[in-house]
Participant: 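Quick one: structure below, then a few questions.
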Amino acid sequence: MSSKRDRMGNRKEGNHERPPSHLRGKQIGMYYAQRNRERNEANRKRPLGTILLSESRKNQIQAVLNSTSFKNIFATTSSTYEHLEDSAFKRSFLRVINETIDEKLQHTCARLAEDATLNQSLYEDFLQKQSSPKYMNMIAKRTKLPAFNMKDEILKVIDENQVVVISGETGCGKTTQVAQFILDDFLQKQKGSVCKVLCTQPRRISAIAVAQRVAEERGEELGHSVGYHIRMERRPPRDRGSICFCTTGVVLKIMESDASLSWVSHLILDEIHERDVMSDFILALIKKIKAKRSDLKIILMSATLNSEKFSKYYDNAPHLNIPGFTYPVQEFYLEDVLQRTGFVFESTHRIKHKKTKMYSDFIEPHVRQLERTRQYSRQVCIQLRNPECEDINLELILQLVIDVCGKERDEGAILIFLTGFHEISTLSRLMSESGRFPPGKFLIFPLHSLMPTLEQKQIFDTPPRGMRKIIIATNIAETSITIDDVVYVIDCGKIKVTNFDARTNSDILAPEWVSLANANQRRGRAGRVKPGMCFHLFTKARNMVLEQYLLPEILRKRLEDVILTAKILQLGPVEPFFAQLIDSPDPGAVTVALELLKRMNALTDDEKLTPLGYHLAKLPMAPQIGKMILFGAIFSCLDPILSIAAALDFKDPFQLPVDKEREVYKMKLELARGVKSDHLLFHEALRGFEESGNARQYCWNYFLSHQTMKQLQDLKKQYMEYLCEMNFVRDSDPKNPECNLNWDNLSLVKAIICAGLYPNISISPVLGKAPVRTPSMRRLKLHPKSILAECKYFDTNILVYYKKMKSKVDFIYDASLIHPLPVIFFGDRFNQICEDGRSFISINQNLRFKCSESTASIIKELRDRFNWFLEYKISHPGPVVWGGDDETQILSLIMELITCEDMEEFDDDAFDDE
DNA sequence: GAGCACTGC
């Protein structure tokens, strides 16, 4: 690189200016910081492109704007919505929850009224069942559960109180027994007709599994006195005298239209210690309605740890503890593992580590204590003084597994908890490379939500004699996946969690220390069938300072959809309601979410739902995704949009088998056929899946999860049902041609993705380079899984994304390259500005486009009209009729504009990006 | 150049 000097004699290399030579130390840093600020400032003002419209096109637009029939559409539009007929929608603006509940209770108080005939027939049914051999056989097993011995006590406390807290550890039987005690008691007393138990579970799998288990215990099939209800899948039990297990979200959805749960006699909230947002929400709602539903019994079930918190939340509701039953699990800590394996950490002493406060306060005194008692060798104590000893060390884990396999005669399975994909694949590689785990003697399963092993039945099977099963898993094996024959657990002590940082408006994925609850749960996985062992890879001192629980979800999450849920439940301004939650969210996070909802036009400035907000709140998906499908309906390209919406909101269907990263990427590129959009890749994947004669083979070829693909297909159908209910479409088939006139217009589909995902935009100040800067010039990076990550040339300098998360750096997970006009049409804060005699359009203050004044004016007018149209359409939902009338005229015109990708030219000013 | 886990009449 050539070296030059500028006029001041400072050296210059290429475009890199060196700091003036008199600067020293910190001043040099400040010099660069200042230069960066200036460059970013300049880049912020740099136009992202030039918008050129031909005279003929301008005339064409003007003609449509001037046409009288076009103006007629808007004659009736009013932004006050007073013209709306009475509807749930309008009431949602006017009512508050208490009124709605009162009204509901007046109408439906008869629903759980006693029915003597029904009582009698339910009673007879019950008597008959009790004499069946199946039932008797099961009762013998049930009586062994700790919960069974407390049956009378449990029934008494429920009878005498409206709210009861029942705690108990795994294996105590509370989940399967309590609901049955209640039901059987009512049936026995010939009051079956007024018993309807609703029991929530935080996960779909557990709702089904528990329902199946309970039905079996009652010697029945599902759908008789026991059933379940989860999204897109239900086996409802009989109307009265029954128990329904459902996911928490289902109850919350039910409460949207029936907040008093008027047809429920007992609400059991299970696993509330997990503190998911929906459970927290229901807890707060129940507090509001319990006086109005004095006949409703509420049973809160949690783990023992921290259960008083829930009792306190309900004015010291009585609390009952059921002792747990699992086989004893011997616990070991890092010091024991080091002693046992003789493991020595690779010396890293050359790097001088600052000893943390944690280290000096807890670890060092602990090591000194160990030295005094001489239980552990000197070597162990030296190792414990290594400040990195509690970091995840896969070599240590490898040695420990080898040691367990050699010394422990029991052939029970080994379950290893690690934090993520990388560790899991590295450890499996290390294990196979070590030569100590020959395939004839060991079955090794990596277990991660992205790995295909998740869907293999084999991991649940007990291996043949002489074979040992080893599972290397994330926290998926803590609660979601249960493998019964585990006898040894190795717990790395860390867990990856996402936190939302309101300050940077960004999700952060980072490993943390587990909580005691996690550590106990992991340990418990070793004692399901016989006594077991658990090795924690942190010191006993660390164990003393672990938190009881991780932060509740509501303190870790973006709050947009939480706020919309509160709005649709008519809870008024969010702040006072949030204050009533068991833990209130961070005010900063609330502000960020309110801001976005207002920018999306989902909330008014005084925090009321707009018609758009109402629809977005009704849709079971993130508001940005909801907006996308509403636009998809209006522009008649629903099928691709539904596929993309489902994949973004639910789950990326691509799997990642260990060591197949390159192959997966290759197949993705093949599937995308040159289209530079992860979103259109989802569309293509689903289209191929739906059209394939052999869906399983298709999934196998392209590394897609068959199960996820089926779920995505179901989701699309469900989204359609919602749109149908809202009257945006006429029937609920996603492929309905009426909703898909423009399905193959991929530019339109991308424009609509932009309409939904805005303001998640990333840009490049120069055309051709990856658009990986926020509009305020912060650096982002395309996640390597994105098909744009290896792209060499970018034909536009703007992309939209849905998911962004910070781990090592800020990663964009999914992206579509888009042209300026969709941003100009669907972005907010449109402005015409003039600077130094040049005219621009600016969007949200920091996205600029060069554009002549006359073009800018005509775009503005069309944009305004479109927004009016949209407002009208959203507040008067009805399918768009495509056939040359006024509606179609404006939509076609806009469609032409936002999809015409060759009309912009880019600013060719020389530009310094380094 | 790298992806904790859930969920919605």
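Just so you know, these numbers come straight off a predicted model, no measurement behind them. Only heavy atoms go into these numbers, but all of them, side chains included; no hydrogens, no water, no symmetry mates.
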Participant: Could you check how far CD1 of A:I424 sits from C1' of B:dA5, rounded to whole Å?
Facilitator: 12 Å
Participant: Kindly determine whether A:F577 and A:F281 satisfy ring pair (Phe, Tyr, Trp, His ring centres under 6.0 Å), including the steps that lead there.
Facilitator: CA-CA 10 Å; A:F577 173 68; A:F281 239 72; 5.3 Å; yes
Participant: Taking side chain to side chain donor-acceptor pair (under 3.5 Å) as the criterion, tell me which of A:R235, A:E233, A:R234 meets it with A:Y228.
Facilitator: A:E233
Participant: Both A:E423 and A:Q718 contact DNA chain B. Which one's nearest nucleotide lies toward the 5' end?
Facilitator: A:E423
Participant: Within the modelled atom types, does a donor on one side and an acceptor on the other bring the side chain of A:E790 and the base of B:dG1 under 3.5 Å apart?
Facilitator: yes
Participant: Counting side-chain heavy atoms from CB outward, which of B:dC6, B:dG8, B:dG3 is closest to A:I476?
Facilitator: B:dC6
Participant: Any N or O donor-acceptor pair linking the side chain of A:T498 to the base of B:dC4 at under 3.5 Å?
Facilitator: yes
Participant: What contact category does A:M805 fall into here, base, sugar-phosphate, or nothing, at under 4.0 angstrom with non-hydrogen atoms?
Facilitator: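 Result for A:M805 = nothing.
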Participant: Which part of the nucleic acid, if any, lies within contact of A:N499, taking any heavy atom under 4.0 Å across all strands shown: a base, the sugar-phosphate backbone alone, or nothing?
Facilitator: nothing
Participant: Quick one: A:E478 CD to B:dC4 P, roughly how many Å, whole number?
Facilitator: 14 Å
Participant: Once you round it to whole Å, what is the distance between P of B:dC6 and CD of A:Q201?
Facilitator: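 Roughly 15 Å, once rounded to whole Å.
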Participant: What I'd like to find out is whether the side chain of A:K804 reaches to under 4.5 Å of the side chain of A:Y813, using heavy atoms alone.
Facilitator: no
Participant: Counting the atoms with a prime plus P, OP1 and OP2 as sugar-phosphate, which does A:E274 contact under 4.0 Å by heavy atoms, base, sugar-phosphate, or nothing?
Facilitator: nothing
Participant: Which is true for A:L782 with a 4.0 Å heavy-atom rule: it touches a base, it touches only sugar-phosphate, or it touches nothing?
Facilitator: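 The answer is nothing, as A:L782 stays clear of every strand by at least 4.0 Å.
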Participant: For the side chain of A:R662, counting heavy atoms from C-beta on, which of B:dC4, B:dT7, B:dG1 is nearest?
Facilitator: B:dG1
Participant: Does B:dG8 have its OP1 or OP2 closer than 4.0 Å to a side-chain nitrogen or oxygen of A:R204?
Facilitator: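 Yes, within the criterion.
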Participant: Which nucleotide sits closest to the side chain of A:S480: B:dG3, B:dG1, B:dC6?
Facilitator: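 It is B:dC6.
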Participant: If you check every side-chain atom of A:H448, which of B:dA2, B:dA5, B:dG8 has the closest atom?
Facilitator: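 The answer is B:dA5, which lies nearest to the side chain.
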Participant: Expressed as a whole number of angstroms, how long is the span from A:E553:CD to B:dC6:P?
Facilitator: 12 Å
Participant: Which comes earlier along DNA chain B counting from the 5' end, the contact point of A:P620 or that of A:N475, where each point is its nearest nucleotide?
Facilitator: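 Result: A:N475.
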Participant: At less than 4.0 Å, is any side-chain N or O atom of A:T247 found next to OP1 or OP2 of B:dG8? Yes or no.
Facilitator: yes
Participant: Could you tell me the separation between the CG atom of A:L550 and the P atom of B:dC6, rounded to a whole number of Å?
Facilitator: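 Between P of B:dC6 and CG of A:L550: 15 Å.
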Participant: Figure out the NZ/C1' separation between A:K660 and B:dG1, and round it to whole Å.
Facilitator: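 That distance rounds to 20 Å.
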Participant: Is any side-chain N or O of A:T474 closer than 4.0 Å to OP1 or OP2 of B:dA5?
Facilitator: yes
Participant: With sugar-phosphate meaning primed atoms plus P, OP1 and OP2, does A:Y722 contact a base, only sugar-phosphate, or nothing at under 4.0 Å between heavy atoms?
Facilitator: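 Contact class for A:Y722: sugar-phosphate only.
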Participant: Counting N and O atoms only, with roles assigned by atom type, does the side chain of A:N518 sit under 3.5 Å from a partner on the main chain of A:S515, one being a donor and the other an acceptor?
Facilitator: yes
Participant: Please report the shortest heavy-atom distance between A:H679 and A:Y801, naming the atom on each side.
Facilitator: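 Here A:H679 and A:Y801 meet closest at CE1-CA, 4.3 Å.
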Participant: What's the CD1-C1' distance between A:I208 and B:dT7, to the nearest Å?
Facilitator: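 For the pair A:I208 CD1 and B:dT7 C1', the rounded distance is 13 Å.
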Participant: Using atom CZ of A:R522 as one end and atom C1' of B:dA5 as the other, report the distance to the nearest whole Å.
Facilitator: 11 Å
Participant: Check this one for me: any side-chain N or O of A:H422 less than 4.0 Å away from OP1 or OP2 of B:dG3?
Facilitator: no
Participant: Among the candidates B:dC4, B:dG8, B:dC6, find the nucleotide nearest to the side-chain atoms of A:D561.
Facilitator: B:dG8
Participant: Please pick, from B:dA5, B:dT7, B:dG8, the nucleotide with the shortest atom-to-atom distance to any side-chain atom of A:F650.
Facilitator: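 So the nucleotide nearest the side chain must be B:dT7.
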Participant: Output the single nucleotide from B:dA2, B:dG8, B:dC4 whose closest atom is nearest the side chain of A:F811.
Facilitator: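 Looking only at heavy atoms from C-beta outward on A:F811, the closest nucleotide is B:dA2.
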Participant: Return the nearest nucleotide to the side chain of A:S807; candidates are B:dA5, B:dG3, B:dG8.
Facilitator: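 Nucleotide nearest to A:S807's side chain: B:dG3.
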Participant: Check every strand shown and say whether A:L509 touches a base, only sugar-phosphate, or nothing at a heavy-atom separation below 4.0 Å.
Facilitator: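 Result for A:L509 = base.
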Participant: Can you see which heavy atom on A:I243 is nearest to which on A:P237, and at what distance?
Facilitator: O-CG, 3.5 Å
Participant: Any side-chain donor-acceptor pair under 3.5 Å between A:D678 and A:S786?
Facilitator: yes
Participant: Counting any heavy atom closer than 4.0 Å, what does A:R203 reach on the DNA or RNA strands: base, sugar-phosphate only, or nothing?
Facilitator: sugar-phosphate
